[in-house]
Amino acid sequence: MKLGIIVGSTRPGRIGSQVGQWVYDEATRRGDDSVQFELVELASYELPLLSEPTVPGAAHRQYETPQTIRWGQKVDELDGFVWVTPEYNHGVPAAMKNALDVLYPEWNHKTVAFVSYGADGGVRAVEQWRAIVANVMMYDVRGQVALSTFADFEDGRLAAQDRREGELKTMLDQLVALTNATSSLRRQN
């Protein structure tokens, strides 16, 4: 099983990269040899805004822009995801929403868990994501980690409260179990 930890902010100076690295470090310490984790920085894909002339659901994985082709190949090789998502103005980040919208079958029957951050822990973005991912036939776990930029960061550096490691462990356990449970659906895709 291969799970991608996607840092969904592309903003210069983003704290999401710190959060993604923390998730990756904790995930790889789990000691489960059946799971591989990969840290994926969305910014490195430089996806243009909705640049594909064919609607992704009808494109049959045949995209025209090199960035979308590369992004689609990456998403295709992963079985599930941890989305590290900021909350921007009470909502999901535009770059991450675009990254979802430029593909379709690559997301189908895959699992997702959320680690969010923001002034109020990014919880409003996660609630929006839960509704959004259902449309591309993704399955989300209940557990999540919501990091407050006031309580879990000091001087712009991640300093997660002690309880966050337990929340992350629970969330990852749920993600691995659900990814295993949905594997037969992905084989049909």
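Because the structure is a prediction, the values reported are computed rather than measured.
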Please list every donor-acceptor pair under 3.5 Å in which a side-chain atom of residues 132-142 meets a protein atom from a residue at least two apart or in another chain.
{"residue": "Tyr139", "atom": "OH", "partner": "His109", "partner atom": "ND1", "Å": "2.8"}
{"residue": "Asp140", "atom": "OD2", "partner": "Arg130", "partner atom": "NH1", "Å": "2.5"}

**Request:** Can you establish whether the number of heavy atoms outside Lys169 located under 6.0 Å from its atom NZ is more than 12?
**Result:** no
**Asked** Do Lys97 and Asp101 come within less than 4.5 Å of each other through their side chains, counting heavy atoms only?
**Response** yes
**Item:** Parallel, tilted or perpendicular: ring planes of Trp129 versus Phe114, cut at 30 and 60 degrees
**Value:** parallel
**Message:** Contact between Glu64 and Ile69 at the side-chain level, heavy atoms closer than 4.5 Å - yes or no?
**Reply:** no
**Prompt:** Side chains of Glu87 and Ser116: do they bring a donor and an acceptor to under 3.5 Å?
**Reply:** no
**Message:** Do Val112 and Val123 sit in one hydrophobic cluster, given that two such residues count as connected whenever their side-chain heavy atoms are within less than 4.5 Å of each other, even indirectly?
**Reply:** no
**pair Met96-Leu100: side-chain heavy atoms closer than 4.5 Å** = no
**Request:** Using the ring of Tyr88 (Phe, Tyr or Trp, six-membered ring only), decide whether Arg11 places NZ or CZ under 6.0 Å from its centre and within 45 degrees of its axis.
**Result:** yes
**Residue pair Thr111 / Thr179, side-chain donor-acceptor N/O under 3.5 Å** = yes
**Request:** Report yes if some heavy atom in the side chain of Arg14 is under 4.5 Å from a heavy atom in the side chain of Val19; otherwise report no.
**Result:** no
**Message:** Do Arg186 and Asp79 have side chains that approach each other closer than 4.5 Å (heavy atoms only, starting at C-beta)?
**Reply:** yes
**Asked** Hey, are Arg29 and Glu26 close enough for a salt bridge, meaning a charged N less than 4.0 Å from a carboxylate O?
**Response** yes
**Message:** With a 4.5 Å cut-off on side-chain heavy atoms, are Ile15 and Tyr117 touching?
**Reply:** yes
**Item:** Pairing residues for Lys2 by the salt bridge (charged side-chain N to carboxylate O under 4.0 Å, His left out) criterion, not counting sequence neighbours
**Value:** Glu38, Glu77
**Message:** Restricting to non-hydrogen atoms, name the atom on Ala27 and the atom on Ile5 that form the minimum distance, rounded to 0.1 Å.
**Reply:** CB-CD1, 4.4 Å
**Prompt:** With hydrophobic residues grouped by side-chain heavy-atom distances under 4.5 Å, do Leu47 and Leu49 end up in a single group?
**Reply:** yes
**Reported CG-to-CG distance for the pair Asn108 and Leu185, which is rounded to 0.5 angstrom** = 10.5 Å
**Asked** Would a 4.5 Å heavy-atom cut-off, applied to side chains only, mark Pro48 and Gln67 as touching?
**Response** yes
**Asked** If every non-hydrogen atom of Met171 is compared with every non-hydrogen atom of Gly143, which pair is closest and at what distance?
**Response** CG-O, 3.4 Å
**Prompt:** Nearest heavy-atom pair of Ala151 and Gln161: which atoms, and what distance?
**Reply:** CB-NE2, 3.3 Å
**Prompt:** With side chains defined as the heavy atoms from C-beta onward, is the minimum distance between Gln21 and Leu39 less than 4.5 Å?
**Reply:** yes
**Complete:** Quick note, ring-ring contact (aromatic ring centres under 6.0 Å, His included) partners involving residues 19-76, not counting sequence neighbours, are Tyr45-Trp71
**Nearest atoms (heavy-atom pairs only) where Ser51 meets Thr65** = OG-CG2, 3.4 Å
**Request:** Examine Leu103 and Leu50 and state if one hydrophobic cluster contains both, with Ile, Leu, Val, Met, Phe, Trp and Tyr joined whenever side-chain heavy atoms are less than 4.5 Å apart.
**Result:** yes
**Message:** Testing the basics here: between Thr85 and Ala125, what is the closest heavy-atom pair and its distance to 0.1 Å?
**Reply:** OG1-CB, 4.4 Å
**Message:** Between the side chains of Glu167 and Arg164, is the shortest nitrogen-to-carboxylate-oxygen separation below 4.0 Å, so that they form an ion pair?
**Reply:** yes
**Request:** Of all the heavy-atom pairs spanning Pro105 and Pro56, show the shortest one and how long it is.
**Result:** CD-O, 3.9 Å
**Prompt:** Under 4.0 Å between a Lys/Arg side-chain N and an Asp/Glu carboxylate O for Asp32 and Arg30?
**Reply:** yes
